[in-house]
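Residue numbering restarts at 1 for every chain, and letters A, B, ... go by the order of the sequence lines. Just the heavy atoms: all of them, side chains too, but no hydrogens, waters or symmetry mates, feed the values below.
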Number of protein chains: 2
Amino acid sequence: MEKQTITIYDVAREAAVSMATVSRVVNGNPNVKPATRKKVLEVIDRLDYRPNAVARGLASKKTTTVGVIIPDVTNVYFSSLARGIDDVASMYKYNIILANSDGNPQKEAQVLNTLLAKQVDGIIFMGNNLTDELRAQFARAKTPIVLAGSVDAKNEVESVHVDYVAAVEEAVADLINHGNKRVAFITGPMSDPINGEYRLKGYKNVLAKHGIEYDPDLVFETDYSYRAGEVLWPALASAKATAAFVGDDELACGVLNGAKDAGVKVPAEFEIITSNNSKLTEIVRPQLSSITQPLYDIGAVSMRFLTKMMNKDDMSSAEKTIELPYGYIKRASTK
Amino acid sequence: MEKQTITIYDVAREAAVSMATVSRVVNGNPNVKPATRKKVLEVIDRLDYRPNAVARGLASKKTTTVGVIIPDVTNVYFSSLARGIDDVASMYKYNIILANSDGNPQKEAQVLNTLLAKQVDGIIFMGNNLTDELRAQFARAKTPIVLAGSVDAKNEVESVHVDYVAAVEEAVADLINHGNKRVAFITGPMSDPINGEYRLKGYKNVLAKHGIEYDPDLVFETDYSYRAGEVLWPALASAKATAAFVGDDELACGVLNGAKDAGVKVPAEFEIITSNNSKLTEIVRPQLSSITQPLYDIGAVSMRFLTKMMNKDDMSSAEKTIELPYGYIKRASTK
DNA sequence: CTGAAAGCGCTAACAG
DNA sequence: CTGTTAGCGCTTTCAG
């Protein structure tokens, strides 16, 4: 019942060379005579030798694995990022340790700790709200970190995302150009700077640009759920909103269905623009017009960025923030 | 610029004890005098010492990380399982290395290899179709493995899932009881035994039980996509189907919308039952009746199962297969 | 209850 | 081009 692990030493003995040589061929070091390389390779194959990555990690101080902190894999927004991350990670021979945090600062801190204990070479963080404590922990850790699809309000840690301000400006401007004077602003928690800072700023900007006064009654802060949107209609109606910008697709589907269930015609009587262009936007009827974000790419670029940071210790020259282009797709929920 | 890592040795020196003692307190070994424990703890705290999990892994031959092979995190079915897995994993102090395989046998084999190289303590595999080669690789590896929400047609590998045969029987029986004589069977690839073997068997069973002849024209093998379902209506119509069992929610949404767009009334003229009860079922109109599977629980139970396997080497007594109960929820897409 | 010492399997100088 | 020799940081007997 023993777990007869065969080691580099076994290979060395069988091939009648030193461990160093075996190590060299395993790591593709060119300084090995083709003949001996061939011999070693044969033995490796015969013995079915598989290098122990843990030992290698201890000796080389590199684990070729990166930690990924995600609020919830079940959320398509984040899982899309995660997919992008994993794809380029494996492209660069890295593996991903995935940990759900529920956006809970306590869990995030805890997870970050075990990730560091496991000696990950880098970390990708997705989270709505970067607390000061966490930022401090990041600073202390000498491990490269990048925020994916998230922002650091204080801009201290590197990140990749889209220009949320501009995206919202464009969306809301469209709504206003359709004649809407009262456009609702519906998002998740304002504690997330994406909502409370950038998107809101964009919203206010366009309003000002069009000489419309900002009315707090048109701002709805909810959580990111279908249900939250579904029950929102009465409130929207009494606020006399005739259109809405929504910060999340699931939430938008709820708003849409809530309105429809109340007999409201979309887009004739009420227009909706959502933010993530996930599959949901095409599944509901009418299909939702949406800001488009290159979710997969944000993940992919984040990981690519991280690989660069993990290679050179000198990143001083590079920008801390990478902004990817957003877009807009018109569907049937707007005129 | 140096990465001043502080080790167990530093702690030992500062606390004026041996490494062994430090190790004991770190690992909660009771054989330490409270006084010395306290002293060590203080030093650990003062030095901000964090045990190196890699070194620990090498010495103890346990990494407290398990590998998770998933077709695509972006798919809600699988990400739900993954969430369940991660939650109980972290409950047991394990971390997850998550790797996407796209259900591609080659990638699966490759990923499995690197997972083993990284000395994971166990593996959870989600995949549609377990090839013989992979099964062989599993057998060779001395690492515990369990299939989550997936089946091994040959029943050699431990797994947890629902009774697919019975679930489909129930769903289709319901449709037949509503007077439907021609019920379509729409699923993803038949190469997945869940579809080609279990579900299809369930479908045929009920048909037989109700004296209805099996008609291959009513069987639609597509891929798991919204689009695939959307374009299916013409074929369904010409096959004279009046109801359908669908093996995937996204696919079902496509079928539903395709039918609706063709002016078909659901459920009056066409009934639909889908299989995974994901959020999608509640977002479309009419909402979809669905078989319910405890996805999160399947993941959670799989991981729990795995922890048991990782602890005792003796698993001979236990069942290889854990079957979780499925359910059925009636919504508006059936009469 | 505590310490000494031998590795875990591999990489990385450093010689040659 | 190849071998020797130290470790990497921690766990784990084995003594005492």
Inset, instruction - Could you check how far CZ of A/R56 sits from C1' of C/dA12, rounded to whole Å? - result: 13 Å
Legend entry - For atom CG of B/N52 and atom P of C/dC8, their distance in whole Å: 18 Å
Inset, instruction - Give a yes or no on whether a donor-acceptor pair under 3.5 Å exists between the nucleobase atoms of D/dG3, that is its base, and the side chain of A/R24. - result: yes
Inset, instruction - Output the single nucleotide from C/dT2, D/dT4, D/dC8 whose closest atom is nearest the side chain of A/A59. - result: D/dC8
Inset, instruction - Check whether any side-chain N or O of A/S60 sits under 4.0 Å from OP1 or OP2 of C/dT11, and answer yes or no. - result: no
Inset, instruction - May I ask you to verify if any side-chain N or O of A/T21 is less than 4.0 angstrom from the OP1 or OP2 atom of D/dG3? - result: yes
Inset, instruction - Look at the side-chain N and O atoms of B/S23 and state whether any lies under 4.0 Å from the OP1 or OP2 oxygen of D/dC10. - result: no
Legend entry - Whole-Å gap separating C1' (D/dC8) and NZ (A/K62): 14 Å
Inset, instruction - Indicate, with a heavy-atom threshold strictly under 4.0 Å, whether B/V26 touches base, sugar-phosphate, or nothing. - result: nothing
Inset, instruction - For B/K142 and A/T5, test the side chains for any donor-to-acceptor distance below 3.5 angstrom and give the result as yes or no. - result: no
Inset, instruction - Check whether any side-chain nitrogen or oxygen of B/N27 sits under 4.0 Å from OP1 or OP2 of D/dT11, and answer yes or no. - result: yes
Inset, instruction - Name the residue closer to the 5' end of DNA chain C, choosing between B/A55 and B/P34 according to the nucleotide with the nearest heavy atom. - result: B/P34
Inset, instruction - Report the distance from atom NZ of A/K118 to atom P of D/dC8, rounded to the nearest whole Å. - result: 23 Å
Legend entry - Any A/Y49 side-chain N or O less than 4.0 Å from OP1/OP2 of C/dC10: yes
Legend entry - B/F125-B/F138 aromatic ring centre distance below 6.0 Å: yes
Legend entry - No-hydrogen, no-angle side-chain donor-acceptor test under 3.5 Å, B/T321 and B/N155: yes
Inset, instruction - Grab the CE-C1' distance between B/M19 and C/dA6 for me, whole Å please. - result: 11 Å
Legend entry - Between C1' of D/dC8 and CD of A/Q119, the distance in whole Å: 10 Å
Legend entry - Sugar-phosphate only, base, or nothing, as touched by B/T7 at under 4.0 Å among non-hydrogen atoms: sugar-phosphate
Inset, instruction - Return no unless some side-chain N or O of A/K61 is found under 4.0 Å from OP1 or OP2 of C/dC10. - result: no
Legend entry - Ion pair check, B/R83 and B/D86, cut-off under 4.0 Å: no
Inset, instruction - Would you kindly give the CG-to-C1' distance between B/L58 and D/dG9, to the nearest whole Å? - result: 9 Å
Inset, instruction - Write down the distance between OH (B/Y9) and P (C/dA6), rounded to a whole number of angstrom. - result: 16 Å
Legend entry - Test item: side-chain donor near acceptor, B/R24 and B/N31, under 3.5 Å: no
Inset, instruction - Scan B/N31 against the nucleic acid and name what it touches under 4.0 Å (heavy atoms): base, sugar-phosphate only, or nothing. - result: base
